[in-house]
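Note that these values count all heavy atoms, side chains included, but never hydrogens, waters or copies made by symmetry.
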Amino acid sequence: MKRLIFAALAVLSAAAVPALANDKLKVGISGGDSEIIWAAVKDIAQKDGLDITVVVFNDYLLPNEALNAGDLDANAFQHRPFLENQIKTKGYKITPIAETIVAPIGLYSRQIKSIGELKNGASIGIPNDPSNGGRALLLLQSQKLIKLQDNVGLVPSVLDISENPKKLRFNEIDAAQLSRTLDDLDAAVINTNYSVQAGLIPGKDSIAIETSVNNPYNNFIAVRTADKDKPVFKKLVAAYQNETIRQLVKDKLPGQLPAF
């Protein structure tokens, strides 16, 4: 009789405890190629008991605002110079936890086929946010089109141009709009995700492109600083940093490289 009672109590106890629910995270990303990566990451994470909801943004400002406000658990769209500038200007408490990809930024044109064809007074489009605008200027300096003042770091502005022998005219435009205004410019420096969306292949259609060696612009997964040690993020990182995602980036995302 006692054995039957204990068995019955064990059954009731088990019934009273719900099955362990999956961990859940809401992750903000940029539209475009990142959607391909994160669809695969989501599938991998699901097998490890992690349910990821992907939120797609079409600009570079809202994902950090949403993360800092608690509307996201993580985001994955930016590099360190961009985040550092956002922290400086907005006071965000956000921390990188894992490298993802690097997408070398490129100079594109529908008017010319090489840098040597740029005429005096040519109009050049660059992103209007400080970090990507600075990145564009550094690319142009590497091609000897301009010279920047010494010690400008990774976020120079057009005010830091000390030499401009071709008297290039700079148009600072929202990064997402540069590919759409390319016909009206002599050339534009465009982030890889937006160039690919416009059908431009980095390294093939670009007339200049960043080197991928020792690139400070590796992208990463970021979380609120207070949450960075939560165990659930180990699952998130493992779902991204693996051979499946590495091969997917190499095979299907032209102009991008795994940074892990």
For Asn75 and Gln78, does a side-chain donor sit closer than 3.5 Å to a side-chain acceptor? yes
Is there side-chain contact between Gln141 and Leu138, with heavy atoms separated by less than 4.5 Å? yes
Does Ser206 form a side chain to side chain contact (heavy atoms under 4.5 Å, CB included) with Leu107? I'd like the steps, not just the answer. CA-CA 5 Å; Ser206 53; Leu107 179 67; 6.0 Å; no
Under 3.5 Å: donor-acceptor pair, side chain of Ser123, backbone of Arg169: no
Test item: Tyr92 and Asn64 side chains (from C-beta on) under 4.5 Å apart, heavy atoms: yes
Results of side chain to side chain contact (heavy atoms under 4.5 Å, CB included) for Ile36 - residues two or more places apart only: Asp33, Leu248, Leu253
Sequence neighbours left out, what passes side chain to side chain contact (heavy atoms under 4.5 Å, CB included) with Pro130? Give chain and number order. Asn85
Side-chain ion pair, Glu210 and Arg135, N-O less than 4.0 Å: yes
Would you call Arg246 and Lys250 a side-chain contact if the rule is heavy atoms closer than 4.5 Å? yes
Tell me whether Ser162 contacts the main-chain N or O of Lys147 through its side chain, where contact means a donor paired with an acceptor under 3.5 Å. yes
Answer yes or no: is there a side-chain heavy-atom contact under 4.5 Å between Ile37 and Val41? yes
Please determine whether side chain to side chain contact (heavy atoms under 4.5 Å, CB included) holds for the pair Lys113 and Ile207, giving the CA-CA distance in whole Å, both sets of side-chain angles, and the decisive distance to 0.1 Å. CA-CA 7 Å; Lys113 298 296 183 182; Ile207 58 176; 5.7 Å; no
Whether Ser109 side chain and Asp186 backbone form a donor-acceptor pair below 3.5 Å: yes
Heavy-atom donor-acceptor pair, Gln197 side chain to Gly31 backbone, under 3.5 Å: yes
To the nearest 0.5 Å, how far apart are CG in Leu25 and OG1 in Thr53? 9.0 Å
Is any side-chain heavy atom of Val155 less than 4.5 Å from a side-chain heavy atom of Phe82? no
If you count heavy atoms of other groups shown closer than 6.0 angstrom to CG of Asn120, is the number above 12? yes
Those residues that, when tested against Ala74, pass side chain to side chain contact (heavy atoms under 4.5 Å, CB included) (two or more places apart): Val27, Ile221, Val223, Phe233, Leu236
Applying ring-ring contact (aromatic ring centres under 6.0 Å, His included), can you list everything that pairs with Tyr217, at least two apart in sequence or on another chain? His79
Distance from Asn191 atom CG to Asp129 atom CG, nearest 0.5 Å? 7.5 Å
Main chain of Leu72, side chain of Arg224: is a donor-acceptor contact present, judged purely on distance under 3.5 Å? yes
Exam field: side chain Asn242 to backbone Thr244, donor-acceptor pair closer than 3.5 Å: yes
Donor-acceptor contact present, side-chain Asp59 to main-chain Leu62, <3.5 Å: yes
Between Lys26 and Asp73, does any side-chain N to carboxylate O distance fall below 4.0 Å? no
Holding to ring-ring contact (aromatic ring centres under 6.0 Å, His included), I want the full list of residues that pass it with Tyr240, two or more places apart in sequence or in another chain. Trp38, Phe260
Has Asn132 got a side-chain atom pairing as donor or acceptor with Asn128's backbone, closer than 3.5 angstrom? no
Find the distance between CG (Leu118) and CD (Gln143) and round it off to the nearest 0.5 Å. 10.5 Å
Pro202 vs Ile209 side-chain heavy atoms within contact, under 4.5 Å: yes
Stepwise side chain to side chain contact (heavy atoms under 4.5 Å, CB included) test for Asp184 and Asn171: CA-CA 11 Å; Asp184 301 319; Asn171 296 266; over 6 Å; no
N-O pairing of Glu35 and Lys42 below 4.0 Å: no
Are more than 12 heavy atoms, taken from residues, nucleotides or ligands other than Lys119, located less than 6.0 Å from that residue's NZ atom? no
Run the numbers on Gln111 and Glu117 for side chain to side chain contact (heavy atoms under 4.5 Å, CB included), then give the verdict. CA-CA 9 Å; Gln111 320 298 333; Glu117 296 178 37; over 6 Å; no
Using a strict threshold of under 4.0 Å (side-chain N to carboxylate O), is an ion pair present between Asp23 and Lys235? yes
Check: Glu99 and Gln241 side chains under 4.5 Å, non-hydrogen atoms: yes
Starting at CD1 of Ile126, measure out to CG of Leu178 and round the result to the nearest 0.5 Å. 8.5 Å
ring-ring contact (aromatic ring centres under 6.0 Å, His included) pairs touching residues 42-62, sequence neighbours excluded, are Tyr60-Tyr194
Hey, does Ile190 have a side-chain heavy atom less than 4.5 Å from the side chain of Leu200? yes
